[in-house]
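To find a chain, count down the sequence lines: A is the first, B the second, and so on, and within it residues start at 1.
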Amino acid sequence: MRVFNSMTRQKEEFIPLKKGEVSIYVCGPTVYNHIHIGNARTFISFDVIRRYLIWRGYDVRYISNITDVDDKIINRAHEEGRSAEEVASEYTAAFEKAMLALGVLEPTIRPRATDEIDEMIAVIDRLITMDHAYAVDGDVYFKVRSFPSYGSLSGRQLDDMLSGARVEIDERKNDPLDFALWKAAKEGEPFWDSPWGPGRPGWHIECSCMSKKYLGMPFDIHGGGADLIFPHHENEIAQAEACFETVFARYWMHGGMLLIDKEKMSKSLDNFLLIKDVLEQIDYRVIRLLMLQTHYRSPLDYSRERVDEAVVAYDRIKSTLRNTQWAIENADISCECDADEFVSADMLRSCAEEARAQFVESMDDDFNTAGALGAIFTLIGCTNTFLVHGIQSDEDTESARMVVETLVELMGILGIDMSDGDQPLPQELIALASELLGVGAKTPEAAVDILLEGRRAARASRNWGMADAIRDGLTNLGFIVEDTAQGARIHLERR
RNA sequence: GGCGACGUGGCCAAGUGGUAAGGCAGAGGACUGCAAAUCCUUUACCCCCGGUUCGAAUCCGGGCGUCGCCUCCA
C-alpha cells in the first residue's frame, strides 16, 4: 500500500510501526456549532481509510477527539447567555448523531479535551522545565525558536512567516511566532487550576496530549483537513516532539477542502451548509458516493447539480443490485434463449473478479476511491448486460449471487450499506387488489402477486386500460413497475 | 509578498513514461402497447510554448489561468 505523506509531500510505501496494527489520530471537531458538510467530508474520508485498513486485515486503533473547550465555544456561550459546558455538550451530542447518520464508525476512543486537562498541564510543565516554553501573567507560550525543525510540515521558514505581517503582535510574547499552550481565564470563562493560575489549555496542546496518551509516540497516521496543516499540526509536532524527544506521527494525511460554488465555506460569505440540513434531504449514501467520486486530497466543489448526478449514479448501483436479486428469485432454468451474444456466467464471474482486483489496486494506491468506484461501475455495466437474458442456469445463479456479494462487500468498504432489507409493504395494496380485481388478499405480499398476475393477464388479452389502471394504482402507492422479458418486477420508488 | 496545489471530452473525475477508467448530460439505434428499466453504437488537439526520450497527459524549464494556506477553520 502506498500513502501520500504530507510531511514528505510524496507517496510512500505504508509500513505500520507494529506489524498488522495501525494507529490513527484524526482531529475532531470543536463543538461550538453543528458541523458543516466540509467537516463531514474529512470524517468520511478518514472513515473510508479506516474501513479499508480493517478490510485489509489490520487491527486499527482509531482515536478522534472532541475539542470541548475553546474560545469559539466560550464566545458562543456568551452570545447565547448560557454556559460553555452547555454549548459544548449540545454540539457534542449533535456531532455524534451526525456521525452515526453518515455511517461513520465510532472511534476506538473519543477523548474529550476537558477530561484530559491533567495530562496537558503535565506536558506544559515539562516544556517549561525543558526551556521550550515560558509563563507570562498566567499564560504559557511555546518558544517556537527552541524547536529547530518548526515549519517542516507546512514547508515554511520562520522569517517568511514574520514577513507575512499578519502575525498578531503581543507585547508579552518573547517572539511574535510563539503560540499559547495555556490561556489565563478571564472573568466568566471556564477554568482549571494550574501552576500558572486558573485557565484553560490552548487548542494545539489538546491534540498533542490526547494522541500521545492513547496511541503513544510515534504513532502511524495523523489526519485532518488540509487547513489544519498550519498552524495546528505544525504546533502539535513542535509540542510533542520537543517534550518527548521522539517522532510524533509517521504519516501525515490531509483531506482536501470542500468548496461551495468554488469557494471555501466561511462565515463572511455566509455559505455554510450544515450536514444535518443536508441529511434531511439526501440519503447519506448519496453524500458518500458524491464525495468519494473525488480523491480525498483534491478540492471538491459541492453543488446541487453534483448531488443530482450522484443520486442518479447511486440509483444505478441500487437498481442493478435489485434487478440482479429479482433475476435470481425469478430464474427460468428451462428457458432456452440464446445467451451467446450477451455476457455469460463465466464472463460475469471474471468481470467480478477483475472489478475486485481493480478496486483493491486503486485503494492500495493512496486510497483512490474514485478509481475504486470506477471498478464498481464497470462491474455494474457488465452485470446489466448479463441480466438482459435473465437467469437461465445454475451457473447464472451462482455468478449473479457472486456479483451481489461483491457489490455489497466493496460498497461496504466505502461505508455505503447496500444491504438494507426490504421495507414492509403497505396495507393499501390489499384494498387496491380488491378494488381493481375484486380479489381479497390476506397480506400485502399476496396482493402484489394478485395485482401483477392481473396485469399480466390484462396485457395478454391486450386490455391496456386494465393493465394501466393496475400500474397507476401501484404508482400511487409509491411503486415502480418495470416490464422485462422475464416478466414484470416491482419496487418501491426512492423517496 | 512567502509557501503549496491544481489545470484531462458539454459538466464532474481517475490515470504520473508506451497513444486516455468511470459517473452525469447529449446523439443515434434496439427492446416496449405505452411507460420505466436496460442494452448497443457514438463524442478528447489531456491549458500554451520549449526541452529530455525510440516514445509524455504523465519527467524538466518557461508562460497563462484557477484555488488553498500564511488569522479561527475539517
Colleague: Do A/Arg156 and A/Ser154 have side-chain atoms, one donor and one acceptor, less than 3.5 Å apart?
Modeller: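 The answer is yes; a qualifying pair exists.
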Colleague: For A/Leu258, answer base if it contacts any base atom (sugar-phosphate contacts may also be present), sugar-phosphate if it contacts only those atoms, and nothing otherwise; contact means non-hydrogen atoms under 4.0 Å.
Modeller: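 Base contact.
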Colleague: With a 3.5 Å cut-off and heavy atoms only, can you find an N or O donor on one side and an acceptor on the other between the side chain of A/Asp468 and the base of B/rG33?
Modeller: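 Present.
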Colleague: Between the side chains of A/Arg41 and A/Tyr296, does any donor sit under 3.5 Å from an acceptor?
Modeller: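 No donor-acceptor contact under 3.5 Å links the two side chains.
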Colleague: Collect all protein-nucleotide pairs involving nucleotides 6-8 of chain B in which both atoms are nitrogen or oxygen and the distance is under 3.5 Å.
Modeller:
none

Colleague: Say you pick atom P in B/rC40 and the same atom in B/rA13; how far apart are they, in whole Å?
Modeller: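 About 26 Å, rounded to a whole number of Å.
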Colleague: Determine whether a donor-acceptor pair (one donor, one acceptor, N or O, separation below 3.5 Å) exists between the side chain of A/His36 and the base of B/rA74.
Modeller: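 When only heavy-atom distances are counted, A/His36 does reach the base of B/rA74 through a donor-acceptor pair under 3.5 Å.
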Colleague: Tabulate protein N/O versus nucleotide N/O from nucleotides 65-67 of chain B, keeping only pairs under 3.5 Å, one per line.
Modeller:
none

Colleague: Can a donor-acceptor pair be found between the side chains of A/Asn75 and A/His78 at a distance below 3.5 Å?
Modeller: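 The criterion, which ignores hydrogens and geometry beyond distance, is not satisfied for A/His78 and A/Asn75.
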Colleague: Atom CG of A/Asp483 to atom P of B/rC34: distance rounded to whole Å?
Modeller: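 Roughly 11 Å, once rounded to whole Å.
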Colleague: Classify the nucleic acid contact of A/Arg306 as base, sugar-phosphate or nothing, counting any heavy atom under 4.0 Å across all strands shown.
Modeller: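 Sugar-phosphate contact only - A/Arg306 comes under 4.0 Å of backbone atoms but never of a base.
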Colleague: For A/Val26, report the nucleic acid contact type (base, sugar-phosphate, nothing); a contact means any heavy atom under 4.0 Å.
Modeller: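 Result for A/Val26 = nothing.
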Colleague: Got a sec, which residues hit ring pair (Phe, Tyr, Trp, His ring centres under 6.0 Å) with A/Phe14, two or more places apart in sequence or on another chain?
Modeller: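 If we apply the ring pair (Phe, Tyr, Trp, His ring centres under 6.0 Å) test to A/Phe14, skipping adjacent residues, the hits are A/Tyr251.
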Colleague: So what does A/Gly225 touch, heavy atoms closer than 4.0 Å: a base, only the sugar-phosphate, or nothing?
Modeller: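 Sugar-phosphate: the residue A/Gly225, judged by heavy atoms under 4.0 Å, touches backbone atoms but no base.
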Colleague: OP1, OP2 of B/rA14 versus side-chain N and O of A/Thr369: anything below 4.0 Å?
Modeller: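 Answer no for this pair, as no side-chain N or O of A/Thr369 is under 4.0 Å from OP1 or OP2.
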Colleague: Identify whether any heavy atom of A/Ile229 sits under 4.0 Å from a base atom; if not, whether one sits that close to sugar-phosphate; answer base, sugar-phosphate or nothing.
Modeller: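 Counting heavy atoms under 4.0 Å across all strands, no contact is made by A/Ile229.
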Colleague: Of the candidate nucleotides B/rA74, B/rA14, B/rA37, which contains the atom at the shortest distance from the side chain of A/Asn39?
Modeller: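 Closest nucleotide to the A/Asn39 side chain: B/rA74.
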Colleague: Looking at A/Arg471 and B/rA36, is any side-chain donor or acceptor paired with a base atom of the opposite kind under 3.5 Å?
Modeller: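 By the distance-only test, no, there is no pair.
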Colleague: Describe the nucleic acid contact of A/Thr484 in one word from base, sugar-phosphate, nothing, applying a heavy-atom distance below 4.0 Å.
Modeller: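 Answer is nothing: A/Thr484 stays at 4.0 Å or more from every strand.
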Colleague: Under 3.5 Å, is there a donor-acceptor pair linking the side chains of A/Glu12 and A/Thr8?
Modeller: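 On atom types as modelled, these side chains qualify, holding a pair under 3.5 Å.
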Colleague: Verify whether the ring centers belonging to A/Tyr214 and A/Phe219 lie closer than 6.0 Å.
Modeller: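 Judged by ring-centre distance (under 6.0 Å), A/Tyr214 and A/Phe219 do not meet the cut-off.
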Colleague: May I have the distance from A/Asn463 (atom CG) to B/rC34 (atom C1'), rounded to whole angstrom?
Modeller: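 For the pair A/Asn463 CG and B/rC34 C1', the rounded distance is 14 Å.
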Colleague: For A/Arg459, answer base if it contacts any base atom (sugar-phosphate contacts may also be present), sugar-phosphate if it contacts only those atoms, and nothing otherwise; contact means non-hydrogen atoms under 4.0 Å.
Modeller: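 It contacts base atoms.
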Colleague: When you check the phosphate oxygens OP1 and OP2 of B/rC39, does a side-chain N or O of A/Asn384 lie under 4.0 Å from one of them?
Modeller: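 Affirmative; the distance criterion is met.
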Colleague: With no hydrogens and no angle check, do the side chains of A/Asn323 and A/Arg489 hold a donor and an acceptor under 3.5 Å apart?
Modeller: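 Yes, a side-chain donor-acceptor pair sits under 3.5 Å.
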Colleague: Produce a footprint string for nucleotides 23-29 of chain B: one letter per nucleotide, 5' end first; B if the base is under 4.0 Å from any protein heavy atom, S if only the sugar-phosphate is, - if neither.
Modeller: BS-----
Colleague: side-chain contact (heavy atoms from CB on, under 4.5 Å) with A/Glu106: which residues, sequence neighbours excluded?
Modeller: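 Counting only residues at least two positions away or on another chain, A/Glu106 forms a side-chain contact (heavy atoms from CB on, under 4.5 Å) with A/Arg110.
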Colleague: Tell me, please, which residues at least two apart from A/Tyr302 pass ring pair (Phe, Tyr, Trp, His ring centres under 6.0 Å).
Modeller: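 A/Tyr302: no ring pair (Phe, Tyr, Trp, His ring centres under 6.0 Å) contacts found.
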